[in-house]
Amino acid sequence: MPRIVETIVTTVNADGQAHIAPLGLIEDGDGWIIAPFRPSRTLDNLMANPAAVASHPGDVRVFAGCVTGRRDWATTAADRVKGVRLADCVSHWELAVERITEDPQRPRFHCRLVHAASHAVWSGYNRAEAAVIELAVLSTRLSMLPPEKIDAELAYLDIAISKTAGPREREAWGWLMERVEAHRRGDAEAARKK
Ligand SMILES: Cc1cc2nc3c(=O)[nH]c(=O)nc-3n(C[C@H](O)[C@H](O)[C@H](O)COP(=O)(O)O)c2cc1C
């Protein structure tokens, strides 16, 4: 399996309007592959403007926020490509799409790393921060998973939250659990919120 790095990807549409979404970037030699499932605004934007910025936030609330309808995170202009990065991030990569592997479900955008920059000292993620990222991913797959699997994953991840979460991770966990609870209630609209 290739290495995959969970990032916050920003893309812009033909009008220059930015869109923000968490995506796992797949290592591909010196470059990275962005692989959005259809339908996706990230995919539409990459077709309209073949560039992306991948930000690495220290605050994992960005991952949880983006998948629970909270996408209003401050951004600032990218240095080399048309687009924006997270204003508050440890580092970021600027990517140019070089070629596309078409696929009816999940096309792959092969990107060249145009520019990388650091903005803060990286202090690492603790277990609760890793658990928030895991639950953020899980929250986008609820409709594909059996209830027992969701319950088992939650029980495990909750150990890391109860032992190591600070206020930011607790807030992020709360947003994500609202989405899980909506799914359990059968509230499809709220459970899809992203
Ligand atoms: C950590 C993380 C990684 C994700 N990676 C991917 C991915 O590689 N491809 C994808 O289609 N969705 C991924 N998702 C789900 C997308 O973020 C979510 O569906 C998103 O809204 C994409 O659709 P959009 O471009 O229309 O916003 C990921 C979610 C999280 C929390």
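Order of listing sets the numbers, starting from 1, for every ligand and every atom in it. Values below: all heavy atoms of this structure, side chains included; hydrogens, waters and symmetry mates excluded.
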Counting heavy atoms only, which of Arg41, Glu134, His19 is nearest atom 27 (O) of ligand 1? His19
If you compare Glu6, Gln105, Arg71, Arg38 by their heavy atoms, the one closest to atom 21 (O) of ligand 1 turns out to be Arg71
Not counting sequence neighbours, which residues clear ring pair (Phe, Tyr, Trp, His ring centres under 6.0 Å) with Tyr125? List them please. Trp122
How long is the span from the OG atom in Ser55 to the CG atom in Asp88, to the nearest 0.5 Å? 10.0 Å
Return the CH2 to CD1 distance between Trp73 and Ile20, rounded to the nearest 0.5 Å. 8.5 Å
Between His119 and His92, how do the two ring planes meet: parallel, tilted or perpendicular, split at 30° and 60°? parallel
Are Asn45 and Val12 packed together at the side-chain level, in the sense that at least one heavy-atom pair is separated by less than 4.5 angstrom? no
Is there a side-chain contact between Arg127 and Ile159, using heavy atoms and a 4.5 Å cut-off? yes
What about [X]: any of its N or O atoms under 3.5 Å from an N or O on ligand 1?
X      : result
Pro22  : yes
Phe63  : no
Thr140 : no
Phe37  : yes
Ala21  : no

Indicate, as side chain, backbone, both or neither, the part of Ser139 found under 4.0 angstrom from ligand 1 when only non-hydrogen atoms are considered. neither
Would you mind telling me if ligand 1 is within reach of the side chain of Arg141, the backbone, both or neither, using heavy atoms under 4.0 Å? neither
Under 4.0 Å to a heavy atom of Arg106 - the qualifying atoms of ligand 1, by number: 7 (C), 8 (O), 9 (N)
Ligand 1 atoms in contact with Ala136 (distance to a heavy atom under 4.0 Å): 31 (C)
Option from Ile8, Thr76, Thr75, Asp79 for which side-chain contact (heavy atoms from CB on, under 4.5 Å) with Arg85 holds: Thr76
Within residues 12-55 or reaching into it, pairs that qualify as ring-ring contact (aromatic ring centres under 6.0 Å, His included) - sequence neighbours excluded: Trp32-Trp93
